[in-house]
Amino acid sequence: MKQRIEQLRDRINLLNYKYYVEAQSEVSDYEYDALLRELQELEAQHPEFFDPNSPTQRVGSDLGSGFVSVEHRYPMLSLGNTYSLDELREFVNRVEREEGHTEFVCELKFDGTAISIIYENGKLTRAVTRGDGTRGDDVTANIRTIRTVPLVLRGDNIPPYVEMRGEVIMPHASFQRLNAEREEAGENPFANPRNAAAGTIKLQSSAEVARRGLDCYLYSMVGEGLPHENHWDNLQEARGWGLKISDRMVRCRSWEEIEEFITRTDSERGSLPYDTDGAVVKVNDYATQRRLGSTAKAPRWAVAYKFKAEQALSRLLSVDFQVGRTGAVTPVANLEPVQLAGTVVKRASLHNADQIALLDVRVGDMVYVEKGGEIIPKITGVELSERTDDCVPFEYIARCPECGTPLVRIEGEAKHYCPNSEGCKPQIVGRIIHFISRKAMNIEGIGDETAELLYTSGLVSNIADLYRILPQQIATLPRMGTKSAENIMRQLTESRGVPFSRVLFALGIRFVGETTAKYLANHFRTMDALMAASVEELAEADEVGEKIAESIRAYFADERNVAIINRLREVGLQMEEVEKESLSDVLAGKSIVISGSFVRHSRDELKALIELHGGKNLATVSGTTDYLLAGDKIGPAKLQKATKLGVQIISESEFEEMIGGAEITLPKEPFEKPAPKVEEKIPVQGALF
Ligand code: IVH
């Protein structure tokens, strides 16, 4: 028994680490909760094996490096949860046994990451993650970028100090856009919107956070001197202050009403624009809440009822290994066809070798398939009771299934890679397909199949070869004629006008997605400057960290890539960012130094704006500096020097005023801002759905 307890502790600790530190969830919530519950039960039966460090003894922690850790004035507790309606009913009965007839509030359990937003005298002063429940990370700059979080509250009855607790979520639309970008850049997509929200809130660049389109629902008010003595009225009041409170919330006075809310929410949740993984049932009245009290982890006056993710059980027939454009290998399960959430599923992702080992999946096993917020179904577990003796563990491949090259595993990455980038067919064809795609060079006359044919027929073996094919060569390919050949030739000619940032994106450098390419083009201006940059210099561009910088360096260090770029240059592709026209000369003759991080613009955007208005952007403060444009976390040395030299220090909004209003954005590309979100209609107080 001791062995099982230890095994469970190890497994849960590993899953916690993956979830809280790496923002990856490898098993379903259901499976995680089942493991935790098994451990709790075994520990209760065997108090002799008590361990204060067991994962049952604490709330998981999301404390990460790079943020200031601050203490919560009021602890942020977790919630007890159940998957069983009987247990939920048991909770309601217990409360009523102890407290008599009680009013409950039922609300959605938002599937994101918890946040506490502090308003002092109506102004947002700080936003802190849950962390370990006692201390969390100060992520104020990131939260300030969420458009639905008011920076200033309006209205009456606002206490001088109030904490609004809620959930930062990533709506499906933002999630899909983000993952598409990540896949294009050869990065691992987020497993689900919850991980994406948790990962995003911990980014160091608030400009990137702003771009990703998070949202935030508030579900409780904490503090002293609150306007009302109950949860419901306070949330309605908060809505009046401009805070985003869900209208999917009801007051219930009987078990039947609670059950009805749950059934309805479960059937309607699929059509919501964000994920919800359950319902939360809370005692409404604060005095009753206080009497019921809390355990160390969770209140005794609230409980979460979790919906089961839609799951299906099917037999694992075989495993294929797919090689992507970047050489990353993905194991894909072939299943006996099974109905799941309205579609027939035959294939599902097995993620990587670690996941296969963690789940101990074997060919022949009955496996659970789930469709979460994500598009591709995944295997989340094995039904061990159905395992037969002929289910044997299988070896993860050691060689590329396409070209036979031994696979490599880069430290810190979960996936295996085929290093034979120049000789492995799916990588070569994948790069050609990427190069001609709409957001890159937009040569759509060549479809995926034609791209493959061009390669197999020996006409094209790299992206530069595309510019030397002849119309008559295309016309002889299957399903191609003179018309399509002419069309392709025209698109190839037109692609010479595609801006430099898109050419850069089209090269398919690992981790250089559409946005990163824009930042790089804007920062370095020319291909030559980019190719000459060191890792340190590359990392100075917005949104380029060490990992991306190293990948860019490695790309240019390969002379085969340099040769291709030279050929692309010879055929006339854009290798320089076209200078933008100036917007005004209000900053003519002014030198401005930028330091710190900013809420509405990235540093490169600010730099571009300075130049567009006739000013000069300099790296260091000196006697000739006119302004220091100071953001959050400004370098202390710069600040000290500026003060000493009497340089005027200006904020982001003062800068915006100088150049003519806060709404100023760059004229067109490269910095498209996401479209403003349509505000949800403020519902009638207490309206049901
Ligand atoms: S109340 C003391 N209400 O669920 C009460 N939590 O598993 C604490 N959550 O950490 C939370 N929707 O991040 C509450 N309507 C809701 C919620 C909610 C999502 C999250 C929250 C919490 C976790 C507990």
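As the structure lists them, so they are numbered: ligands from 1, and atoms in each ligand from 1. What you are looking at is a predicted structure, and each value in this text was computed from that prediction instead of being measured.
- A donor-acceptor contact closer than 3.5 angstrom links the side chains of Thr148 and Asp215.
- Nearest protein heavy-atom contact of atom 10 (O) of ligand 1 is Arg130 NH1, 3.3 Å.
- Distances shorter than 4.0 angstrom do not occur between any heavy atom of Met76 and any atom of ligand 1.
- Looking at Asp277 and Arg269, no side-chain N of the basic residue comes within less than 4.0 Å of a carboxylate O on the acidic one, giving no salt bridge.
- The protein heavy-atom contact nearest to atom 8 (C) of ligand 1 is Leu77 O, 3.8 Å.
- Between Tyr219 and ligand 1, at least one N/O pair is under 3.5 Å apart.
- Centroid-to-centroid, the aromatic rings of Tyr217 and Tyr274 come within less than 6.0 Å.
- Both the backbone and the side chain of Leu79 come within 4.0 Å of ligand 1, judged by heavy-atom distances.
- Here is the list of ligand 1 atoms found below 4.0 Å of a heavy atom in Glu107: 3 (N), 15 (N), 16 (C).
- At a heavy-atom cutoff of 4.0 Å, ligand 1 is contacted by the backbone of Leu108 but not by its side chain.
- The pair Glu229-Arg290 meets the salt-bridge criterion, with a side-chain N (NZ, NE, NH1 or NH2) lying under 4.0 Å from an Asp/Glu carboxylate O.
- The protein heavy atom nearest to atom 23 (C) of ligand 1 is Lys109 NZ, 4.0 Å.
- Taking atom 2 (C) of ligand 1 as the reference point, the nearest protein heavy-atom neighbour is Pro299 CG, 3.5 Å.
- Arg194 and Glu167 are not joined by a salt bridge, as no carboxylate oxygen comes within less than 4.0 angstrom of a charged side-chain nitrogen.
- For the residue pair Tyr219 and Glu107, no side-chain donor N or O sits within less than 3.5 Å of a side-chain acceptor on the partner.
- Looking from atom 3 (N) of ligand 1 to the surrounding protein, the closest heavy atom is Lys282 NZ, 3.0 Å.
- Between Glu163 and Arg165, at least one side-chain N (NZ, or NE/NH1/NH2) sits under 4.0 Å from a carboxylate O, which counts as a salt bridge.
- Closest protein heavy atom to atom 13 (O) of ligand 1: Glu167 OE1, 2.5 Å.
- Counting only heavy atoms of the protein, atom 12 (N) of ligand 1 lies nearest to Phe110 N, 3.0 Å.
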For the pair His46 and Phe49, evaluate ring pair (Phe, Tyr, Trp, His ring centres under 6.0 Å) and give the outcome as yes or no after the intermediate values.
CA-CA 6 Å; His46 298 276; Phe49 300 137; 5.8 Å; yes
